[in-house]
Amino acid sequence: MTNAVQAYSYAGPSTLTHGQLGLSTSGGRALTGPQAHPRFFSGLLTQAAPAAAALLAVADVAMARYHQPRPGWTRDPVVTCDGDRLRFESFSACGGVYARLDVLGPALDGEVVDRGTTNVDVNGPLREALARVGGRDPLHLGVGPDELAVTTLDGAVVEKKVPLPARWLRGFAEVQVIAAGFDLRAELQGPLAVRFLRSLPKRAGADVWAVPAGRDLRVSETRGPGAVRLAGAGRLATLHPLLRFARALRVYGPATADDHMASAWELELPGMRYTLCVSPQPYRGFSGEGAVLDDLSSDTAADDADVVGMLLNFEPSVELGLLAERSGLPVTRVRAALTQLGTAGRVGYDLHEAGHFHRELPYDRVHVAELNPRLLAARRLLETGAVRLTGADTAEVTTSGGVRRVRIGEGACTCEWWFDHRGSRGPCKHVLAARIAARSDAETPEVVV
């Protein structure tokens, strides 16, 4: 599969001078429609130092390759303005760490010009300037060019072209589905949060468990009751520069702990939250987790996504029940539609608020159909007549490597994929094909003679 190319075109570089932080924007969509250089916000960041440090942390994740580190391309973060907050998001180059900074209403004092999503330029000089921000003075922030800059663009364009791997795009979709299944597992107040994070091993590849101990967490090499696994403790490194501002740490994970679990780490800062989601292993990007495949295999997901997508309006929180009421669809189909929209980068998930949110990632969507090869392979199996239902919950799938026997409900299969992963990375292509066939069979009306 070839990589897409993300082309950034900025009216000028982002700058931070004399207390004025101007973030240059490139492409994207606003309520007023597609924009070359959208302008979303102009006003004060009332908490300048933590905001600057956290924005730098988001940019650091975009530059990082945690598995087999090596120099590479930097992808610019995206920002979404939904009227009452700014959400900055990035993915690591290796696809195993997702970062988001939510700058909330209490930390913003200014004018929302429009709502939408765009890329923002984070260049070398800006990074150096952000690292020097300190003290308690507010910082003026402009997301997008001001009126003067808009009317005086003189060709001083900053252009960047970087590869945009399919796994990076798929990761945005996988994270929102995986995170929606997380529970809050622990919450530590400021001093305890700082002490725990500083107690983590410094080795980048360290594999530990965070085990609840009263109101605290302790680091263990073995699983304990209620524990959350952290494989690659070094992937939380961007939290450390923020510890001086930390008010609380919240840890999220699946309801049932196992040896193949992702986790999320949310640091509460003054007027904002910084969240990291990390994959089950440093070498595993979120793109291969397969959490989206069952929803995407639904015959109605694409059409339902068209309906639900028209109801999204860059609101701070997307309520499943409200979308179901407005669309006339059951909640299960709305959830599958949101997964479909997630593959196009149009939906994220906020763990703190336990709800989805709307964004529009500014990239070429022509490649979206190619982003789930397992699902494409499953549909090819169906098209070639390789699937035979053998019972209410069983099927046989004939492949060039032999006949694969599938238990549909359990998601078990006799193929090598299932033996290697045991369902920890989503269903294999044979299970997907059998599930699609079973749904189609159940929906086919009986002919009475």
Legend entry - Sidechain N-carboxylate O distance under 4.0 Å for Arg218, Asp216: no
Inset, instruction - Please list all pairs passing the side-chain hydrogen bond (donor to acceptor under 3.5 Å, both in side chains) test where one or both residues lie in residues 231-242, with sequence neighbours left out. - result: Arg235-Ser279, Thr238-Tyr274
Inset, instruction - Locate the shortest heavy-atom distance separating Tyr66 from Ser92; write the atom from each residue and the value. - result: CE1-CB, 3.6 Å
Legend entry - Partner of Leu45 under side-chain contact (heavy atoms from CB on, under 4.5 Å), chosen from Asp109, Val103, Val133: Val103
Inset, instruction - In plain terms, say whether Glu187 and Arg250 are close enough for a salt bridge, that is, a side-chain N and a carboxylate O under 4.0 Å apart. - result: yes
Legend entry - Pair Arg359 + Asp82: basic N to acidic O under 4.0 Å: no
Inset, instruction - Give me the one residue out of Asn123, Asn119, Asp76 that meets side chain to side chain donor-acceptor pair (under 3.5 Å) with Tyr10. - result: Asp76
Inset, instruction - Kindly assign one of parallel, tilted or perpendicular to the pair Phe91 and Tyr98, based on the angle between their ring planes and the thresholds 30° and 60°. - result: tilted
Legend entry - Contact check, side chains of Val219 and Leu230, non-hydrogen atoms, under 4.5 Å: no
Legend entry - Result of checking Thr275, Thr80, Asp350, Thr117 against Arg87 for side chain to side chain donor-acceptor pair (under 3.5 Å): Asp350
Inset, instruction - State whether the side chain of Ser327 and the backbone N or O of Leu329 hold a donor-acceptor pair below 3.5 Å, judged by distance alone. - result: yes
Inset, instruction - Could you tell me whether the side chain of Asp304 reaches within less than 4.5 Å of the side chain of Val334, counting heavy atoms only? - result: no
Inset, instruction - Check whether any side-chain heavy atom of Leu243 sits under 4.5 Å from a side-chain heavy atom of Arg198, and report yes or no. - result: yes
Inset, instruction - Please examine the side chains of Met261 and Phe182, heavy atoms only from C-beta on, and report whether any two atoms are closer than 4.5 Å. - result: no
Inset, instruction - Starting at CG of Leu21, measure out to CG of Leu130 and round the result to the nearest 0.5 Å. - result: 6.0 Å
Legend entry - Pairing of Glu268 and Arg273 as salt bridge, 4.0 angstrom limit: no
Inset, instruction - List the steps and the verdict of side-chain contact (heavy atoms from CB on, under 4.5 Å) for Leu267 and Leu276. - result: CA-CA 9 Å; Leu267 205 60; Leu276 289 178; over 6 Å; no
Legend entry - Beyond-backbone contact of Pro201 with Val208, side-chain heavy atoms, under 4.5 angstrom: yes
